[in-house]
Structures are given as C-alpha cells and as structure tokens.
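To start, the structure itself, in structure tokens.
Hydrogens, waters and symmetry mates are skipped; everything else that's a heavy atom, side chains included, is used.
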Amino acid sequence: MQNNFINKQVLLYLLKFGGLFCLLFYGTEAIIGLSAPEGHYSAFVDHYLNFIPAFRNSLLQSSRFFLSLFGYECYQSSGILLNMVGGSSVQLVYSCLGYGVTSFWIAFVFANNGSWQKKAAWMIGGTALLYIINVVRISLTLLSNSRKWHFPFGWDNHTWFNIVAYAGIFLMIWVYDGVGRGKNEE
C-alpha cells in the first residue's frame with residue numbers, strides 16, 4: 001500500500017514538473033516561432049504575446065548598466081546588439097536568453113511541496129538570480145570580446161552560462177529542498 005502511494009506521489013511530481021516545464025519552454029519556443037516573419041507567422045502572437053524583444057532589451061540594458069558601473073561605455077545599436085564604445089559587440093540570440101534554465105527552475109519549485117507564498121517567493125528569487133547570472137555573463141562576454149580574452153578550457157560563453165546557472169539552480173534546490181527541510185515546511 002505504501003509503495004503504491006509513493007509511486008503516485010512520484011508520478012504526480014513528474015507530471016507537474018514535466019507539464020509546467022513543457023508549457024514554459026515550448027510555449028516560449030512557440031512564441032518565438034509564431035512571431036518570426038518567416039514560417040507560420042501569427043500577427044496576434046507577435047503583437048500581444050511576444051515578450052521576447054522586451055525581455056532581450058532588458059537583459060542588454062541591464063548589461064549596459066552593469067558595465068557602466070565599472071566605467072565602460074556601451075550602447076545598443078539594434079534590438080539584439082550591445083556594443084562597447086571603441087570595442088566589439090555581443091549579439092543576444094534566442095538561445096542566450098536563459099528561458100530553458102528559468103523554465104526548469106520554475107517547474108521544479110511548482111512541482112515541490114510548500115505553500116503558494118513560499119513557492120512564489122522562490123520562483124521570483126530564483127528567476128532573479130538566473131537573470132543576474134545572465135546579465136553578468138553578457139557583460140563578461142562583451143568585455144572579453146573587446147579585450148580579446150579567451151574563456152577557460154576553450155568553452156564558449158553559452159556553455160559557461162549553463163554551468164554557472166545550473167550550479168546556481170542545484171544550490172537553490174539544496175537550500176529549498178534539503179537544508180531547509182523541517183524549517184521551510186509551510
């Protein structure tokens with residue numbers, strides 16, 4: 001009887017996690033695909049659901065601000081390019097937006113135990129941390145391009161972002177579900 005209960009709990013967890021992850025990740029992919037002028041364009045999706053340009057712009061402007069704190073002058077020359085004055089540029093394409101890791105984090109918190117207040121706080125906090133990691137990555141990529149630095153081990157900035165972002169997620173999981181067990185059960 002207890003084994004059957006555990007199997008139902010695991011199945012419910014996997015359905016909640018997988019369902020929300022797919023909705024967020026593939027929903028974003030659908031918005032990207034349906035708002036692109038080529039292919040299966042949807043004016044409705046492009047005009048009313050397409051959050052991608054605003055989100056990309058916020059990442060680029062946050063990176064510009066972050067670099068300005070260290071005395072680097074940058075400007076955005078198009079919707080996807082951030083340029084350093086007298087230096088190079090960085091292009092923020094769809095795969096660099098971080099919606100995959102963010103979808104993973106939100107789905108993890110949603111599928112786990114806890115009050116809605118706790119879940120909402122962890123979703124917002126984790127998303128904010130992933131956003132900051134991405135801003136730092138974009139800033140360091142632009143700075144390294146301008147200074148002709150190379151990433152360690154020859155890995156590109158996308159690989160390093162994934163490593164740091166998932167390390168951050170696993171740390172947050174450990175705190176959310178491990179260290180706080182008993183204290184955070186609300």
Side-chain angles (χ1 to χ4, degrees), residues 21 24-39 45-46 49-109 120-179:
F21 175 81
L24 294 172
F25 182 81
Y26 293 111
T28 302
E29 294 265 310
I31 289 170
I32 290 169
L34 292 171
S35 60
E38 56 279 337
V45 171
D46 190 21
L49 302 176
N50 189 6
F51 66 93
I52 305 297
F55 182 68
R56 178 187 284 135
N57 187 58
S58 75
L59 284 168
L60 292 173
Q61 289 302 312
S62 296
S63 299
R64 183 191 61 75
F65 175 76
F66 181 71
L67 284 167
S68 75
L69 295 175
F70 298 98
Y72 296 100
E73 192 175 339
C74 301
Y75 62 96
Q76 194 172 340
S77 62
S78 75
I80 64 172
L81 284 175
L82 184 63
N83 304 278
M84 186 172 288
V85 173
S88 62
S89 63
V90 65
Q91 182 178 16
L92 194 59
V93 297
Y94 292 118
S95 62
C96 295
L97 296 174
Y99 61 89
V101 294
T102 304
S103 298
F104 179 92
W105 173 248
I106 292 172
F108 166 79
V109 174
W122 277 87
M123 285 179 190
I124 292 167
T127 298
L129 177 63
L130 294 170
Y131 183 90
I132 291 167
I133 291 170
N134 206 1
V135 166
V136 170
R137 179 204 42 138
I138 294 163
S139 302
L140 288 175
T141 299
L142 181 55
L143 187 58
S144 70
N145 288 348
S146 293
R147 302 272 179 141
K148 307 292 186 229
W149 296 339
H150 298 285
F151 283 94
F153 309 115
W155 299 342
D156 65 3
N157 68 75
H158 188 77
T159 301
W160 279 107
F161 169 71
N162 283 335
I163 291 169
V164 172
Y166 279 108
I169 285 175
F170 292 131
L171 178 62
M172 289 187 294
I173 287 171
W174 181 63
V175 173
Y176 180 92
D177 211 30
V179 172

Side chain to side chain donor-acceptor pair (under 3.5 Å) filter on Y75, not counting sequence neighbours, yields none

Can the ring centroids of Y176 and F108 be said to lie less than 6.0 angstrom from one another? yes

Compute whether any side-chain donor of one residue and acceptor of the other, for T102 and T127, lie under 3.5 angstrom apart. no

Once you round to the nearest 0.5 Å, how far does SG of C96 lie from CZ of R137? 4.5 Å

Is the shortest heavy-atom distance from the side chain of V136 to the side chain of V164 under 4.5 Å? no

Closest heavy-atom pair, W122 versus W105, reported as atoms and distance to 0.1 Å, is O-NE1, 2.9 Å

Looking only at side-chain N and O atoms, does N162 offer a donor or acceptor that is under 3.5 Å from a partner on T159? no

If you take all heavy atoms of S146 and M84, which pair is closest and at what distance? OG-SD, 3.5 Å

Reported CD1-to-CG distance for the pair I32 and N50, which is rounded to 0.5 angstrom: 8.5 Å

Quick one about Y131 and S58 (side-chain donor to acceptor, distance below 3.5 Å, no hydrogens or angles considered), yes or no? yes

Separation between OH of Y72 and OG of S139, rounded to the nearest 0.5 Å: 11.0 Å

Find out whether N57 and Q76 are in side-chain contact, i.e. whether some heavy atom of one side chain is under 4.5 Å from a heavy atom of the other. yes

Between CG of L92 and CG of L82, what distance do you get to the nearest 0.5 Å? 9.0 Å

Is there a donor-acceptor contact under 3.5 Å linking the side chains of Y99 and E29? yes

